[in-house]
Amino acid sequence: MTGRRYLIAGNWKMHGRLQDGTALAQALAEKLGPNGDPRFEILVCPPATILSAVSAVGEKTALLTGGQDCHAAPQGAHTGDIAAEMLADAGAGYVIVGHSERRQNHAETSAQVKGKAAAALRAGLKAIVCVGETREQRDAGQAAEIVAAQVAGSVPEGATADNCVLAYEPVWAIGTGLTPTIADIAAMHSMIREKLRGLVASPEAVRILYGGSVKASNAAEILAIDDVDGALVGGASLDAGSFWAIAQACR
Ligand code: 13P
């Protein structure tokens, strides 16, 4: 972490109804207040159904909100899909694209993820581009190669440190309680930064988040790694206390 402000992002996935979602956002908004904390930014990505309400709760505070996915097109005959412009209209400043649950459950390719990330930029949103290998790929010694290809294939033209964040989430670490070793996370993040040097302007300023079983008890050692600039948190982001405790681990 050299000069980059940490981003602690909560991916609520398919959790959260109006009442509990706004209550969770309210608790975080109260902790952040209008000025937030100089060490970190806090982002929550609720289901699209409550994005407007959650954004309204955070409006006069430093709480940031985002979507979990978007379509590449600005509008059209795409039943059930959501345009990046619609997320912006609902108050979002960010959108997650290429999460492994989208890549796996919806067979999204890196080319499609790149189209979604480009749509985010077009809509004035910041894209959080997710990459990560499966257990089989890691066991076969292919993790670095797979992640490098995902980065090269998913980061859109025009990406900068201001509009694009990377998130390394090993698929086998998501929701399992397992995490790579500190050395493995460090090696992957440094490889991703190296890859970004050929892809974006000011690669040193791009934030690279780690995601996969981040919790209060392991956050400090993960967030202390040089090229780890924040966390993308699933389960532990659903409780204000545990999510806030992760943010408190930022140096
Ligand atoms: P968990 O923190 O529940 O492992 O989820 C990580 C994740 O997928 C965040 O996008």
Side-chain angles (χ1 to χ4, degrees), residues 6-16 20-21 24-25 28 40-48 51 54 64-70 87 92-106 108 110 113 116-117 120 125-135 137-138 143 146-147 150-151 154 164-182 184-185 188-189 192 207-223 225 228-250:
Y6 284 106
L7 176 63
I8 305 299
N11 174 10
W12 293 4
K13 308 192 180 185
M14 203 167 73
H15 299 284
D20 57 305
L24 174 51
L28 295 168
F40 53 78
E41 293 183 302
I42 296 270
L43 166 71
V44 293
C45 298
L51 178 56
V54 167
L64 303 169
T65 63
Q68 299 178 7
D69 175 48
C70 67
L87 297 172
Y94 283 79
V95 61
I96 298 167
V97 294
H99 191 279
S100 65
E101 287 151 19
R102 300 292 314 176
R103 290 182 187 262
Q104 291 198 321
N105 303 347
H106 300 268
E108 288 184 10
S110 286
V113 173
K116 289 170 180 236
L125 298 178
K126 300 177 200 296
I128 299 180
V129 177
C130 301
V131 296
E133 82 286 356
T134 63
R135 181 81 252 173
Q137 289 164 338
R138 176 158 285 268
I146 292 286
V147 170
Q150 288 175 338
V151 171
S154 310
C164 193
V165 174
L166 271 286
Y168 169 57
E169 298 202 303
V171 177
W172 52 272
I174 295 177
T176 57
L178 303 171
T179 52
T181 63
I182 294 301
D184 282 344
I185 297 175
M188 194 63 89
H189 279 239
I192 293 171
R207 291 185 288 190
I208 307 173
L209 315 184
Y210 168 78
S213 296
V214 176
K215 38 189 191 277
S217 56
N218 62 16
E221 57 173 352
I222 292 173
L223 292 169
I225 300 170
V228 173
D229 308 308
L232 183 52
V233 186
S237 75
L238 297 174
D239 174 79
S242 58
F243 191 46
W244 189 252
I246 290 169
Q248 291 307 313
C250 292

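Remember, it's 1-based here, ligands and their atoms both numbered in the order they're listed.
- A donor-acceptor pair under 3.5 Å links the side-chain atoms of S237 to the main chain of G234, judged by distance alone.
- Heavy atoms of K215 come nearer than 4.0 angstrom to ligand 1 in no pair at all.
- At least one heavy atom of G175 lies less than 4.0 angstrom from ligand 1.
- Nearest non-hydrogen protein atom to atom 2 (O) of ligand 1 is G234 N, 2.8 Å.
- Within the 3.5 Å criterion, the main-chain N or O of S213 finds no donor-acceptor partner in the side chain of T179.
- When only interatomic distances are considered, the shortest N/O to N/O separation between T176 and ligand 1 does not fall below 3.5 Å.
- For the residue pair H99/Q68, the side-chain donor-acceptor check at 3.5 Å is not satisfied.
- The ring-ring contact (aromatic ring centres under 6.0 Å, His included) search around W172 returns none, not counting sequence neighbours.
- The L232 neighbourhood of ligand 1 comprises atoms 9 (C), 10 (O), with distances under 4.0 Å to a heavy atom of that residue.
- Nearest protein neighbour of atom 9 (C) of ligand 1, counting heavy atoms only, is E169 OE2, 2.8 Å.
- With contacts defined as side-chain heavy-atom distances shorter than 4.5 Å, the pair D229/L7 does not qualify.
- Protein heavy atom nearest atom 3 (O) of ligand 1, with residue, atom name and distance: G235 N, 2.8 Å.
- Between F40 and W244, the ring-plane angle classifies as perpendicular under the 30° and 60° cut-offs.
- Residue S213 places a heavy atom less than 4.0 Å from ligand 1.
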